[in-house]
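Notes for the one structure printed next.
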Amino acid sequence: ELKVEQNPLFLSMQEGKNYTIYCNYSTTSDRLYWYRQDPGKSLESLFVLLSNGAVKQEGRLMASLDTKARLSTLHITAAVHDLSATYFCAGNRDDKIIFGKGTRLHILP
Amino acid sequence: KAGVTQTPRYLIKTRGQQVTLSCSPISGHRSVSWYQQTPGQGLQFLFEYFSETQRNKGNFPGRFSGRQFSNSRSEMNVSTLELGDSALYLCASSLTSYNEQFFGPGTRLTVL
């Protein structure tokens with residue numbers, strides 16, 4: 001059974017700093033997803049990573065996938081307050097999408 | 001293109017009652033998945049429907065059920081509500097199970 005673990009679960013950081021959220025998964029996942037959720041809102045799809053070595057970037061966010069290490073990372077460059085949210089990674093196996101517990105990111109001005 | 005819609009947005013029920021939630025996927029999407037989100041358990045997969053067939057089910061009791069209609073709209077039903085069923089119920093649609101999922105705004109269910 002696929003298990004997805006994120007760390008850290010909570011991250012408070014200063015604006016302008018860089019940081020990385022890690023997502024480990026326990027067994028083969030067909031693909032890896034990253035989502036963002038603002039308080040009281042639904043989930044917004046950020047990235048879908050399909051293969052080993054995949055890297056995708058959107059603004060200050062960059063996601064990568066290492067299938068051999070069963071690891072995906074979400075890197076935040078020069079954080080700004082608007083990026084404060086909860087970030088989820090999710091894996092897909094046997095047609096089920098399994099989510100990590102989420103990383104609550106708080107960016108201090 | 002219209003997004004995923006869910007109705008109702010908010011519901012208050014009492015223990016023992018039953019509830020039906022509705023989800024209309026993005027036009028052309030045939031896969032609809034349901035998730036329960038709570039502060040304690042996070043996001044948990046309930047079930048997925050594709051072309052009116054349930055393809056997968058998460059680890060929830062039989063009180064949780066669903067169905068999908070020929071127009072891909074889906075409903076989920078929870079019978080004999082318990083306090084612990086209070087949660088945000090999210091529906092997501094995609095072209096197929098492997099494609100990117102688009103989430104609806106959710107239905108917040110409160111069980112008193």
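Throughout, protein chains are lettered first and strands after them, A, B, ... in sequence-line order, and every chain is numbered starting at 1.
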* Asked: More than 12 heavy atoms of other residues, nucleotides or ligands under 6.0 Å from CZ of B/Arg73: is that the case?
  -> yes

* To do: Might you confirm whether atom CD of A/Glu5 has over 12 heavy atoms from other residues, nucleotides or ligands at distances under 6.0 Å?
  => no

* Calculate, to the nearest 0.5 Å, the distance between atoms CD1 and CD belonging to A/Ile97 and B/Glu48 respectively. => 8.0 Å

* To do: Mind checking the CZ-CD spacing from A/Phe99 to B/Gln41? Nearest 0.5 Å is all I need.
  => 15.5 Å

* **Atom group of B/Gln37 that falls short of 4.5 Å from chain A, counting heavy atoms** => side chain

* Reported CD1-to-CZ distance for the pair A/Ile98 and B/Phe45, which is rounded to 0.5 angstrom -> 7.0 Å

* **Side-chain donor or acceptor of A/Ser45 paired with backbone N/O of B/Phe102 under 3.5 Å** => no

* Asked: Any side-chain heavy atom of A/Gln37 within less than 4.5 Å of one from B/Leu88?
  -> yes

* Shortest non-hydrogen separation from A/Ser42 to B/Pro105 and the atoms involved -> CB-CA, 3.8 Å

* So what's closer than 4.5 Å to chain A heavy atoms on B/Leu90: side chain, backbone, both or neither? -> side chain

* Asked: Should we count OH of A/Tyr19 as having more than 12 external heavy atoms under 6.0 Å?
  -> no

* **Contact class of A/Phe47 relative to chain B, heavy atoms under 4.5 angstrom** => neither

* **CZ/B/Arg15: more than 12 non-hydrogen atoms of other groups inside 6.0 Å** => no

* Asked: Got more than 12 heavy atoms from elsewhere within 6.0 Å of OH, A/Tyr22?
  -> no

* Answer with yes or no whether the hydrophobic clustering places B/Tyr89 together with B/Leu11; edges join I, L, V, M, F, W, Y residues whose side-chain heavy atoms lie under 4.5 Å apart. => yes

* To do: Could you tell me which portion of B/Phe47 (side chain, backbone, both or neither) has an atom closer than 4.5 angstrom to a non-hydrogen atom of chain A?
  => neither

* Step through the shown structure and confirm whether more than 12 heavy atoms of other residues, nucleotides or ligands are within 6.0 Å of CZ on B/Arg108. => no

* Asked: So, for A/Tyr35 and B/Gln101, which heavy atoms are closest and what is the spacing to 0.1 Å?
  -> OH-CB, 3.5 Å

* **Over 12 foreign heavy atoms within 6.0 Å of CG, B/Asn59** => no

